[in-house]
Chemist: 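Mind looking over this structure? Questions follow.
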Amino acid sequence: MGPVRLGMLLFILAVYGAWAGTPKEEDDDTERLPSKCEVCKLLSLELQEELSRTGRSREVLELGQVLDTGKRKRHVPYSVSETRLEEALENLCERILDYSVHAERKGSLRYAKGQSQTMATLKGLVQKGVKVDLGIPVELWDEPSVEVTFLKKQCETMLEEFEDVVGDWYFHHQEQPLQHFLCEGHVLPAAETGCLQETWTGKEKITDGQEKTEGKEEQEQEEKEEAEEKEEEERTNTPGHSKHDPEDL
């Protein structure tokens, strides 16, 4: 069996252990499956973002039918309607496929939208003519990974299992963050809620305890420009160098 196929087999065998919460070493975070906490965290994040997008609508829905008895239709604001919730839940887990694995980050922060730093580096090498073999064609590099596909499937399972809880939150408990109400209150035991506290600070955890800040290149460029300006200013202020334009003399 080739190395790629063997790796895939070992990865699939890890599914049960990861989802059931079997203890495992956290030192090597480059290849693993998402935990139940991470699934719930991203599910909650996606749903709240979608609801925030539609929450300011002033549309009013007409519900019910006009009967011979003369009963009139009910008018319900879209912002508090069941229709809004149903539309937000539609294709919710499909949007998980927009995430990528940022293997250079630790914990739940490894799942984020956009291209990862690692993938950007690999593509840069390919553009420079370096041969990079990931075991799959280059044109498939941007396809959802095994981790992200698993994340999407578990999102669907969790949403189906806790659909009533989500509905209860939507109609009666929106004063609480969904992560708190759903994940901490119903899905996860207290000992497994650690990933909910992880927030993005702009710094990525790298191997050997190093840290790399996003936008470092831009920061270095700014510092370089400031140094050049300071050097130019010092040069023009040096005796023998006039600060005036010769035409002004």
Side-chain angles (χ1 to χ4, degrees), residues 4 7-53 85 87-120 122 134-136 140-163 165-166 169 177-189 191-201 204-205:
V4 175
M8 286 293 294
L9 176 60
L10 294 175
F11 201 55
I12 293 172
L13 289 176
V15 170
Y16 177 78
W19 184 247
T22 303
K24 65 188 211 63
E25 294 295 329
E26 294 293 341
D27 293 338
D28 184 7
D29 209 28
T30 56
E31 247 189 35
R32 66 173 179 81
L33 289 174
S35 67
K36 203 168 186 177
C37 180
E38 290 165 337
V39 174
C40 193
K41 180 178 183 177
L42 295 184
L43 186 161
S44 302
L45 178 64
E46 284 297 311
L47 180 54
Q48 286 224 262
E49 284 187 354
E50 182 62 19
L51 290 174
S52 296
R53 188 182 67 81
L85 175 61
E87 291 178 349
L89 292 175
E90 186 177 1
N91 298 323
L92 173 68
C93 295
E94 284 291 331
R95 295 196 291 273
I96 296 294
L97 296 179
D98 294 335
Y99 283 74
S100 299
V101 175
H102 296 245
E104 67 276 3
R105 304 178 186 178
K106 293 296 184 181
S108 62
L109 302 179
R110 72 192 272 106
Y111 303 112
K113 294 180 180 179
Q115 183 173 258
S116 70
Q117 177 189 338
T118 303
M119 186 58 68
L122 292 175
L134 298 183
I136 58 174
L140 296 181
W141 283 11
D142 291 326
E143 291 296 309
S145 66
V146 174
E147 282 188 53
V148 172
T149 302
F150 180 81
L151 190 61
K152 180 249 186 185
K153 290 180 178 178
Q154 295 306 322
C155 171
E156 293 171 340
T157 300
M158 185 175 292
L159 191 57
E160 181 178 358
E161 182 178 354
F162 294 96
E163 184 177 2
V165 175
V166 172
W169 168 81
L178 180 56
Q179 276 189 18
H180 173 74
F181 186 82
L182 175 63
C183 304
E184 295 184 45
H186 294 83
V187 177
L188 304 169
E192 297 179 15
T193 59
C195 83
L196 303 179
Q197 313 307 320
E198 297 170 350
T199 56
W200 180 244
T201 62
E204 303 171 69
K205 280 278 192 173

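Note that the numbering runs from 1 along the sequence shown for the chain.
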Chemist: Atom CD of Q154 and atom CG of L33: how far apart are they, to the nearest 0.5 Å?
Modeler: 9.0 Å
Chemist: List the atom of L97, the atom of T149, and the distance in Å for their closest heavy-atom pair.
Modeler: CD2-CA, 4.4 Å
Chemist: Does any part of the side chain of L182, heavy atoms only, come nearer than 4.5 Å to the side chain of W169, both counted from C-beta?
Modeler: no
Chemist: Do E147 and Y99 pair up side chain to side chain, a donor and an acceptor below 3.5 Å, judged on atom types alone?
Modeler: no
Chemist: Under 2.5 Å between the SG atoms: is that true for C183 and C37?
Modeler: no
Chemist: Take L178 and L51 through the test side chain to side chain contact (heavy atoms under 4.5 Å, CB included) and record every step on the way to the result.
Modeler: CA-CA 11 Å; L178 180 56; L51 290 174; over 6 Å; no
Chemist: Under 3.5 Å, is there a donor-acceptor pair between the side chain of H186 and the main chain of F181?
Modeler: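 Checking the backbone N and O of F181 against the side chain of H186, a donor-acceptor pair under 3.5 Å is found.
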Chemist: Determine whether a donor-acceptor pair (N or O, by modelled atom type, separation under 3.5 Å) exists between the side chain of E46 and the backbone of R95.
Modeler: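 Not at all, since once roles are kept as given, no pair shorter than 3.5 Å links the two residues.
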Chemist: Test S108 against every option in E38, K41, Q197 by the side-chain hydrogen bond (donor to acceptor under 3.5 Å, both in side chains) rule and name the one that passes.
Modeler: K41
Chemist: With the side chain counted from C-beta on, respond yes when L42 and C155 share a heavy-atom pair under 4.5 Å apart, and no when they do not.
Modeler: no
Chemist: Hey, could you give me the CD/CG distance between E50 and L92, rounded to the nearest 0.5 Å?
Modeler: 8.5 Å
Chemist: For E198, what residues pass the salt bridge (Lys or Arg N to Asp or Glu O under 4.0 Å) criterion, not counting sequence neighbours?
Modeler: none
Chemist: In Å, rounded to the nearest 0.5 Å, how long is the span from NZ of K36 to SG of C195?
Modeler: 12.5 Å
Chemist: Quick one: do E156 and K153 make a salt bridge, cutoff under 4.0 Å?
Modeler: no
Chemist: Would one find more than 12 heavy atoms of other residues, nucleotides or ligands at under 6.0 Å from atom CD of E49?
Modeler: yes
Chemist: Can you find a heavy atom in the side chain of E94 that is under 4.5 Å from one in the side chain of K152?
Modeler: yes
Chemist: Rounded to the nearest 0.5 Å, how far does SG of C40 lie from CG of L45?
Modeler: 11.0 Å
Chemist: Within the 4.5 Å heavy-atom criterion, are L43 and M158 side-chain neighbours or not?
Modeler: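 Heavy-atom side-chain distance check passes, below 4.5 Å.
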